[in-house]
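Read the structure below first, then the notes.
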Amino acid sequence: MNGLAEFFRTLGPARLAAMATVAAITIGFFVFLSIRLSTPNMALLFSGLDLADSSRIVQNLEAQAIPYELVGDGSTILVPDDQVNRIRISVAEQGLTSGGSLGYEIFDRGDSLGATSFVQNINHLRALEGELARTIQSIEKVTSARIHLVLPERRLFSNENRQATASIFIKTTSGRLGRNQVMAIQNLVSAAVPDLQPERISIVDQKGSLLARGSSEDTTSLLALSLEEKKISMESRLRSQIETLLEKTVGLGKVRAEVSAELDLNRITSNSEIYDPDGQVVLSETSNERTSNNRENADEKTVSVNNNLPDQDAEADPEQAIKNQSSDSEASTTTNFLNSKTIRTQIHEAGTVKKISVAVLIDGTYQDAGEGNPPVYQARNADDLANIEALVKSTIGFDEERGDSVHVVNMQFATIDYGEEAAEEGLFDFSKADMMRFIELGGLLLIGIMVIFFALRPLIKFLTAPPVNYLPQTAALEGAPDQAQLPPGQQAAITGPDNAPSQPNVTLVDDQGRQLTSREVAKQTGAIDSAIDVAAVEGKIQATALKKVGELVERHPEESAAVVRGWLYG
């Protein structure tokens, strides 16, 4: 222990302070390096979360003692990259990402016993909205959704029947939803809500763009969109059929087809009545017959009571009583006939095909021109083009009366420069995260090397260097030779630049700090006398120095022993 204490005492406070500072910096650096290397790489677990969902996920991670980081406003969670998939499965299993909406689990609460019918209706509406929002969020590109349903109640003593409406707000990852996806959302919500028609559902995205207008009066725009989609679908189907059919013959990628379909957008309704004269039937028949008789008496009789008595005409003579007599009869028949009639109502819906135009571009053939030469292009003959045109006409259902047209053109395709071919994935194919990890490790390694060479190495060299012992100032002054007795070169070397004489300077040490001999000094001055003088001065200085050292040892034995001990340790 005494030796160790003496060793630290010989180092001095400057060396101890430098050694402690460098050691603290080095230890701190390596502690930081070990902590950084032991810290796992964090990867994205979820982003764009609702604060309620983020809180539930964080509580679950803390319960499992899984390290995590919250980025931004708490909507993004980072976890170790080797546990991302497992944590996502666990979160999905527990249903922790509900988008901040409640579903039918709202009725699982125990406080519904004393709830009124109004509260139950509100809870049912909230549950329906939450379940629909969760279903819409499962659609591709949709990250979140909110639904507002308006279900009017039937008023008492009112004949007015208001229809249900809905408004949907969706947030997408990139781009707008396609028309098919928008219509799918409308039909999904319409089928889940009673008395809700698809055309009464409005859909808005996060940019404020109106994807669907909730108005039953906007049937014209819906019809136009439907016809436009029908036109695009027909053209795409025909183009795909033509290219698939011709690629079997001309080769893959050597045919391009474009189809333009013209649709009739007019909707026509025609009514007609057709009568058949040969198809008569008797509807009704009426017969009338009438007979009349007229008689005139021969003698006029006086008017008396007897004439009015019964049986007076019978007593008279019949031949004498009748003077003129006439009779008339008439018969008629009326028959009503009904002709057969056909009433026809014909509706010509919009969207029928009026005309189809097809343009087909075919590449030619290539012949091998030998080793080292590019292939030679050759155009196809007329027979091949005619056969291709016949195939295209059969594919589209060509109708000349309708005005269809098909054009097949044979031209050389331009060579597409795809750049350098992508190298196959191998052992040294790293992802962006791996490259960033390597860069980080390389930076830490470079810093470690710099610490070793610029901190540890100078410290070790400084500690292992032998200590320099300086003589007391009085002894140094007593042992120094008289400046007047030295030769000019030696005097210049001792006095320094402040008292430098006019003679040429003579140096006693070389560039590496080694003391020069008298012969080397003589070579500098060019005179042997100067070398002899220098040697004499050197011997006198050494003798004086040894004498003074002996005196110091006698006066300070303990300090001298410490100095010698320090030399031995060094």
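Residues take their numbers from the sequence shown, with the count starting at 1. Keep in mind that the numbers below use all heavy atoms, side chains included, and drop hydrogens, waters and symmetry copies.
Between the Asp384 side chain and the Arg380 main chain, no donor and acceptor come within less than 3.5 Å of each other. Formation of a donor-acceptor pair under 3.5 Å by the Arg344 side chain with backbone atoms of Asn271 is not found in this model. A distance-only check finds no donor-acceptor pair linking the side chain of Gln83 to the backbone of Pro80 [under 3.5 Å]. Within the 3.5 Å criterion, the main-chain N or O of Leu196 finds a donor-acceptor partner in the side chain of Ser190.
Here the options are Leu391, Val392, Leu385, the test is side chain to side chain contact (heavy atoms under 4.5 Å, CB included), and the partner is Val360; only Val392 passes.
Separation of atoms CD1 (Ile170) and CD (Gln181) is listed at 8.5 Å; rounding is to 0.5 Å. Here CG of Asp81 is found 11.0 Å from CG of Leu78. Values are rounded to the nearest 0.5 Å. Atom-to-atom distance recorded for Ile66:CD1 and Leu61:CG is 5.5 Å, nearest 0.5 angstrom. Residue Ser90 holds its OG atom at 10.0 Å from CD1 of Ile57, rounded to the nearest 0.5 Å. Annotation: the span from Ile136 atom CD1 to Glu131 atom CD amounts to 12.0 Å, rounded to 0.5 Å. Taking OG1 of Thr365 as the start and CD of Gln412 as the end, the distance is 10.5 Å to the nearest 0.5 Å.
In this structure, the side chains of Val79 and Val84 come closer than 4.5 Å at one or more pairs of heavy atoms. With a 4.5 Å cut-off on side-chain heavy atoms, Glu273 and Thr342 do not count as touching. Residues Ile168 and Ile185 meet the side-chain proximity criterion, which asks for heavy atoms closer than 4.5 Å. Looking only at side-chain heavy atoms (C-beta outward), Asn187 and Pro198 come within less than 4.5 Å of each other. When side chains are defined from C-beta on, Ser260 does not count as touching Glu258, because their heavy atoms never get closer than 4.5 Å. For the pair Ile77 and Ser54, the minimum side-chain heavy-atom distance is below 4.5 Å. Contact of the Ile396 side chain with the Ile242 side chain is registered, since non-hydrogen atoms from C-beta on lie closer than 4.5 Å. The side-chain heavy atoms of Arg88 and Leu45, taken from C-beta on, include a pair separated by under 4.5 Å.
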Exercise. For Arg126 and Glu129, what are the C-alpha separation, side-chain angles and deciding distance, and is it a salt bridge (Lys or Arg N to Asp or Glu O under 4.0 Å)?
Worked result: CA-CA 5 Å; Arg126 291 177 60 191; Glu129 292 176 350; over 6 Å; no
For this session: Output, in order, the C-alpha distance, side-chain angles, deciding distance and verdict of side-chain contact (heavy atoms from CB on, under 4.5 Å) for Thr352 and Leu263.
Result: CA-CA 5 Å; Thr352 57; Leu263 303 182; over 6 Å; no
For this session: Starting from the C-alpha separation in whole Å, work towards a yes-or-no answer on side-chain contact (heavy atoms from CB on, under 4.5 Å) for Ile362 and Leu246.
Result: CA-CA 9 Å; Ile362 303 294; Leu246 297 183; 4.0 Å; yes
Problem set entry | Residues Met234, Val353; criterion side-chain contact (heavy atoms from CB on, under 4.5 Å); working and verdict | CA-CA 10 Å; Met234 178 185 296; Val353 179; 3.6 Å; yes
For this session: Output, in order, the C-alpha distance, side-chain angles, deciding distance and verdict of side-chain contact (heavy atoms from CB on, under 4.5 Å) for Phe398 and Val358.
Result: CA-CA 10 Å; Phe398 182 81; Val358 181; over 6 Å; no
For this session: Check step by step if side chain to side chain donor-acceptor pair (under 3.5 Å) holds for Gln206 and Thr172.
Result: CA-CA 7 Å; Gln206 75 274 14; Thr172 59; 3.3 Å; yes
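For Gln346, the side chain to side chain donor-acceptor pair (under 3.5 Å) criterion is met by no residue, not counting sequence neighbours.
Nearest heavy atoms, Glu235 versus Ala261: OE2-N, 3.0 Å. Taking each heavy atom of Asp205 and Phe169 in turn, the nearest pair found is O-CE1, 3.4 Å. Here the closest non-hydrogen pair linking Asp363 and Asn410 is C-ND2, 3.5 Å.
Applying the side chain to side chain donor-acceptor pair (under 3.5 Å) test to every pair with at least one member in residues 236-247, sequence neighbours left out, gives no pairs at all. For residues 50-85, no residue pair satisfies the ring pair (Phe, Tyr, Trp, His ring centres under 6.0 Å) rule, not counting sequence neighbours. Residues in residues 365-395 take part in these ring pair (Phe, Tyr, Trp, His ring centres under 6.0 Å) pairs, two or more places apart or across chains: Tyr366-Tyr377. Judged as a salt bridge (Lys or Arg N to Asp or Glu O under 4.0 Å), the pairs with a partner in residues 399-415 (not counting sequence neighbours) are, in order, Arg402-Asp404.
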Identify each donor-acceptor pair in which a side-chain atom of residues 138-152 lies under 3.5 Å from a protein atom, sequence neighbours left out, and give them as a table.
| residue | atom | partner | partner atom | Å |
| --- | --- | --- | --- | --- |
| Ser138 | OG | Thr135 | O | 2.4 |
| Thr143 | OG1 | Lys171 | O | 2.8 |

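Side-chain polar atoms of Gln59 and Arg56 form no donor-acceptor pair below 3.5 angstrom.
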